[in-house]
Amino acid sequence: MNIASFSKRIWAYIIDFVLTALIPGGTLTLLYIFVPEINDIPLYFIVFGVIFTHWFVYFLVIGFYIFVTNGRTIGNLLLGLRIIHPDIKRLSLGDAFGRSAAQGLFILPIVSILYVIIIHTEKSVFDRMTRTIVVDWRNKNI
């Protein structure tokens, strides 16, 4: 198995993060266009609502996608990555949604990046949390 390079993993995460941010961002844009009363709401409520909505969308969309495709997200598909257990068994629902819930919180991926850089390992905090690894699935042996 070829463990995926960390730079490819970061790019896959950025792709997933941006794609899931389009939903709350588009919704907020439509609200500003069609609901003029939204300007009366304090900005910090709107910012908190967008952050929470993005996390929730990321949690649901990416978690569901990881579970259904057995370890692939949209970013992983584009870059040829796959999340697997070391013994190649199917990812559980808890693994998929636990991983997506933690990755959706913006600060945890930053902590994970620092962890990988400081410890000099290919396994991130999310890999250790769900006992999985991210591999380059273009290798037909997996």
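Being a predicted model, the structure only gives us computed values, none of them experimental.
Side chain of Arg90 to backbone of Phe67: a donor-acceptor contact under 3.5 angstrom is found. Asn76 contributes no side-chain N or O that, together with a main-chain N or O of Ile83, makes up a donor-acceptor pair within less than 3.5 Å. Looking at Lys8, its side chain does come within 3.5 Å of a backbone N or O of Leu79 through a donor-acceptor pair.
Closest approach of Tyr65 and Leu77 over heavy atoms only: OH-CD1, 3.5 Å. Leu81 and Ala12 get closest at one heavy-atom pair: CD1-CB, 4.1 Å. Looking at every heavy atom in both residues, Ala96 comes nearest to Gly63 through CB-O, 3.5 Å.
Taking hydrophobic clusters as Ile, Leu, Val, Met, Phe, Trp and Tyr residues chained together by side-chain heavy-atom distances below 4.5 Å, Ile33 does not share a cluster with Leu43. Under the 4.5 Å side-chain contact rule for hydrophobic residues, Val47 and Ile41 do not share a cluster. Ile51 and Leu60 end up in different hydrophobic clusters when Ile, Leu, Val, Met, Phe, Trp and Tyr side chains are linked at under 4.5 Å. Tyr115 and Ile14 fall within a single hydrophobic cluster, where Ile, Leu, Val, Met, Phe, Trp and Tyr are joined by side-chain heavy atoms under 4.5 Å apart, directly or via other members. Residues Tyr58 and Val18 are members of one and the same hydrophobic cluster, defined by side-chain heavy-atom contacts under 4.5 angstrom among Ile, Leu, Val, Met, Phe, Trp and Tyr.
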>> Could you walk me through whether Arg82 and Val134 satisfy the side chain to side chain contact (heavy atoms under 4.5 Å, CB included) test, starting with their C-alpha distance in whole Å, then the side-chain angles of each, then the deciding distance to 0.1 Å, before giving a yes or no?
In response: CA-CA 6 Å; Arg82 183 175 174 198; Val134 179; over 6 Å; no
>> What verdict does the side chain to side chain contact (heavy atoms under 4.5 Å, CB included) test give for His85 and Asp95, after you've listed the backbone C-alpha separation in whole Å, the side-chain angles of each residue and the deciding distance to 0.1 Å?
In response: CA-CA 10 Å; His85 279 288; Asp95 291 338; 2.6 Å; yes
> Is there a side chain to side chain contact (heavy atoms under 4.5 Å, CB included) between His54 and Leu22 once you walk through the steps?
Replying inline: CA-CA 9 Å; His54 177 254; Leu22 293 176; over 6 Å; no
> Run the side chain to side chain contact (heavy atoms under 4.5 Å, CB included) check on Ile84 and Ile133 step by step: do they pass?
Replying inline: CA-CA 6 Å; Ile84 63 169; Ile133 55 175; 3.7 Å; yes
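Taking CG of Leu78 as the reference point, atom CD1 of Ile15 lies at 5.0 Å (rounded to 0.5 Å). In this structure, Phe126 CZ and Arg99 CZ are separated by 7.5 Å, a value rounded to the nearest 0.5 Å. From Ile74, atom CD1 reaches atom CD1 of Ile66 across 10.5 Å, with rounding to the nearest 0.5 Å. Taken from CG in Leu114 to OG in Ser124, the straight-line distance is 12.5 Å, to the nearest 0.5 Å.
The ring-ring contact (aromatic ring centres under 6.0 Å, His included) search around Phe59 returns Trp55, Phe97, not counting sequence neighbours.
You'll find the side chain of Ile62 reaches within 4.5 Å of the side chain of Thr20, heavy atoms only. With contacts defined as side-chain heavy-atom distances shorter than 4.5 Å, the pair Ile46/Leu28 qualifies. Between Thr27 and Thr53 the shortest side-chain heavy-atom distance does not fall below 4.5 Å.
More than 12 heavy atoms of other shown residues, nucleotides or ligands fall within 6.0 angstrom of atom CZ in Arg128. For Phe64, the CZ atom sits in a loose shell: 12 or fewer heavy atoms of surrounding residues, nucleotides or ligands are nearer than 6.0 Å.
Between Tyr13 and Phe17, the two ring planes are tilted [angle within 30° to 60°].
A salt bridge links Arg9 to Asp127: one of the charged nitrogens lies within less than 4.0 Å of a carboxylate oxygen.
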